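Right, one structure below, let's go through it.
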Amino acid sequence: MANTWWEIQILCESALEDSVSWRLEDFGCRGTASESKGDSCLVKGYLPIFQAQLLDLAALGLWLQQDALCIGLSSPTLTWQLIDEEDWASSWKQYWHPQEIGDRFLINPAWLPSPENYDRLVIRLDPGVAFGTGNHATTQLCLESLEMRLSQVPKSFVSKDAGQEPVIIADIGCGSGILSIGAILLGAEKVYAVDTDPLAVQSTFSNRALNEVNPERLVPAEGSVDILKKLIERPVDGIVCNILADVIIQLVPEISEISKPSTWAIFSGILVEQSTSVVEALEKHGWVVATMWKRKEWCCLNVRRT
Ligand SMILES: C[S@@+](CC[C@H](N)C(=O)[O-])C[C@H]1O[C@@H](n2cnc3c(N)ncnc32)[C@H](O)[C@@H]1O
């Protein structure tokens, strides 16, 4: 039973796909995959058996119904079955393909060779892990924002010699470590990556190795801003935080404590209709919203200190 997984299948209207995937990931699914069925969509999520009981799955069904009702869509249908690890892994492989993101990145599944002479920065990822395969709009918005923020950073580590301060970044809610690895590839000197989920931290460690990132440059740790405060040697230059809006609002006061006047930050995981309350919390703690990028029903705030 140790290697048995729940396969949760949700048939929903296409417009609900993103919110269903998000809900599954928030529920603890190690991966989601979706398949178009005309106007509908079949979303699958995979969860280790020990992590949910039948009652939890029933509760998930109710949340999904509420999500659909809130935006005036019909109720999705939820079914589940137990599958073994092999089926889970092969199911993932069927659905997950290399994906270009923004102007600079290519996300490559771990089991495929990295393309040679490719003019993009390649992030290799193992999907049997936490949130962060690059498929979600919020992850994409963060990677694109990092491209913009780090466009001036020299590619290699000559920044110190060039008299430019090395860039230190905090990745709060690192998941698979995708954003941390992206930031390193764009030239950040050091990234502190924290997540409250120990499996996400493990996943960041293994993806760090997979991408041959120097362990001194990417430091994963279990916890949240509390642990960052202990780890960082000085206020950070940049922050990237792709978590849900209500969690961001709670974290803003502490996040402000690890920043300095020139710190910039990228916040995502925010539904467009929740953006006003996040902006209010940020402004209350001395942040100014420079840009708000939208994709599907999600938005990403690029902010700086006042
Ligand atoms: C949406 S995922 C983002 C993963 C990845 N950074 C990305 O952009 O794809 C959010 C992550 O935040 C973590 N998380 C939730 N609440 C947190 C908190 N208070 N502090 C740190 N991490 C948190 C979750 O465990 C999850 O891995």
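Just so it is clear, the model here is predicted, and its values are computed rather than measured. First listed ligand is number 1; within each ligand, the first listed atom is number 1.
- For the 3.5 Å distance criterion, the side chains of D84 and W5 fail to qualify, holding no donor opposite an acceptor.
- When heavy-atom distances to ligand 1 are checked against a 4.0 Å cut-off, T196 comes that close through both its backbone and its side chain.
- Within the hydrophobic cluster formed by Ile, Leu, Val, Met, Phe, Trp and Tyr side chains joined at under 4.5 Å, directly or through other members, V122 is accompanied by L106, Y118.
- Of all atoms in ligand 1, numbered sequentially from 1 with element shown, those under 4.0 Å from a heavy atom of G223 are 21 (C).
- For atom 6 (N) of ligand 1, the nearest non-hydrogen atom from the set S203, G177, G173 comes from G173.
- With distances taken over non-hydrogen atoms, the option nearest atom 24 (C) of ligand 1 out of D195, D197, V240 is D195.
- Listed by number with element, the atoms of ligand 1 under 4.0 Å from a non-hydrogen atom of V247 are 16 (N), 19 (N).
- Taking the side chain as every heavy atom from C-beta outward, T263 and R304 never approach each other to under 4.5 Å.
- In the hydrophobic clustering, where aliphatic and aromatic side chains (Ile, Leu, Val, Met, Phe, Trp, Tyr) are joined below 4.5 Å either directly or transitively, L141 groups with M148, W293.
- In summary, R295 and E144 engage in a salt bridge, as defined by a charged side-chain N under 4.0 Å from a carboxylate O.
- Per-residue contacts place N242 under 4.0 angstrom from the following atoms of ligand 1 (heavy atoms of the residue considered): 1 (C), 2 (S), 3 (C), 7 (C), 8 (O), 9 (O), 10 (C).
- A salt bridge links E254 with K229; the closest basic N to acidic carboxylate O contact falls under 4.0 Å.
- Under a 4.0 Å heavy-atom criterion, C174 is in contact with ligand 1.
- Less than 4.0 angstrom separates some heavy atom of G175 from each of these atoms of ligand 1: 4 (C), 27 (O).
- Comment: D237 engages K260 in a salt bridge, judged by a side-chain N to carboxylate O separation of less than 4.0 angstrom.
- When only interatomic distances are considered, the shortest N/O to N/O separation between W22 and ligand 1 does not fall below 3.5 Å.
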